Amino acid sequence: QVQLVESGGGLVQAGGSLRLSCAASGRTFSRDVMGWFRQAPGKEREFVAGISRSGTNTYYADSVKGRFTISRDNAKNTWYLQMNTLKPEDTAVYSCAASTLSLVTATPRTYEYWGQGTQVTVSS
């Protein structure tokens with residue numbers, strides 16, 4: 001059974017940092033592109049960051065560019081989202097996702113596998 005499990009969420013003050021992890025099991029994901037999405041209350045799910053199969057290419061939403069860093073460790077079947085200089089508007093449930101497509105996309109429906117999500121709350 002394929003599972004993606006996020007960890008690392010929590011409550012942090014504005015300006016602080018968190019590191020999210022997504023551990024995958026059930027099969028290897030080294031040939032999948034990976035992404036992080038978030039959804040705030042009353043809002044649609046939005047793309048945050050994505051990373052290519054090899055980890056060479058990364059993509060970010062404009063709202064997080066320069067503050068967030070996505071990375072992956074294929075040997076551990078795990079990928080990460082380092083979030084720095086957090087803002088209250090970053091508050092959301094963050095979910096990791098994997099896609100068998102060869103290119104990173106910002107469209108949630110192109111990702112076949114999803115984690116359950118982890119809450120990130122940034123206080124002002």
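These numbers come from a predicted model, not from an experiment. Residue numbers start at 1 and run along the sequence shown.
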Thinking salt bridges, do Arg27 and Asp32 make one under a 4.0 Å N-O criterion?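 The answer is yes: the pair qualifies as a salt bridge.
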
I'd like to know if Asp90 pairs up with Lys87 as an ion pair, taking the criterion as any Lys NZ or Arg NE/NH1/NH2 lying under 4.0 Å from an Asp or Glu carboxylate oxygen.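 Not counted as a salt bridge, because no side-chain N and carboxylate O are separated by less than 4.0 Å.
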
My understanding is that only residues two or more places apart in sequence, or in another chain, count here; which of them pass side-chain contact (heavy atoms from CB on, under 4.5 Å) with [X]?
| X | answer |
| --- | --- |
| Thr56 | Ser52, Ser54 |
| Ala40 | Lys43, Ala92 |
| Arg31 | Arg53 |

Least distance between heavy atoms, [X] atom then [Y] atom:
| X | Y | answer |
| --- | --- | --- |
| Trp114 | Pro108 | CZ2-O, 3.4 Å |
| Ser124 | Pro88 | CB-CG, 3.9 Å |
| Val93 | Gly117 | CG1-CA, 3.8 Å |
| Ser102 | Val33 | O-CG1, 3.8 Å |

Should Asn77 and Thr28 be marked as a side chain to side chain contact (heavy atoms under 4.5 Å, CB included) after you check the CA-CA gap, both sets of side-chain angles, and the distance that decides it? CA-CA 6 Å; Asn77 226 21; Thr28 181; 3.9 Å; yes

Value rounded to 0.5 Å, distance of [atom1] in [X] from [atom2] in [Y]:
| X | Y | atom1 | atom2 | result |
| --- | --- | --- | --- | --- |
| Ser30 | Asp73 | OG | CG | 11.5 Å |
| Arg45 | Arg38 | CZ | CZ | 13.5 Å |
| Gln3 | Cys22 | CD | SG | 11.0 Å |

Per the side chain to side chain donor-acceptor pair (under 3.5 Å) rule, what does the pair list look like for residues 7-16, sequence neighbours excluded?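 Found none.
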
Measure from the side-chain N and O atoms of [X] to the backbone N and O of [Y], and report whether any donor-acceptor pair falls under 3.5 Å.
| X | Y | answer |
| --- | --- | --- |
| Glu6 | Gln116 | yes |
| Ser99 | Leu101 | yes |
| Thr78 | Lys76 | yes |
| Arg19 | Gln82 | no |

Glu112 and Thr100: side chain donor to acceptor below 3.5 Å: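 Indeed, the side chains of Glu112 and Thr100 share at least one donor-acceptor pair under 3.5 Å.
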
Hydrophobic cluster mates of Val64, side-chain heavy atoms under 4.5 angstrom, ILVMFWY only, any path?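 Via sub-4.5 Å side-chain contacts, Val64 links to Val2, Leu4, Val12, Leu18, Leu20, Phe29, Met34, Trp36, Val48, Ile51, Tyr60, Phe68, Ile70, Trp79, Leu81, Met83, Leu86, Tyr94, Tyr113, Val120, Val122.
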
Determine, step by step, whether Glu44 and Phe37 satisfy the side chain to side chain contact (heavy atoms under 4.5 Å, CB included) criterion, reporting the C-alpha distance in whole Å, the side-chain angles of both residues, the deciding distance to 0.1 Å, and the verdict. CA-CA 10 Å; Glu44 292 189 353; Phe37 291 78; over 6 Å; no

Could you work out, with side chain to side chain donor-acceptor pair (under 3.5 Å) as the rule, every residue matching Gln119, not counting sequence neighbours?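 Expected list: Thr121.
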
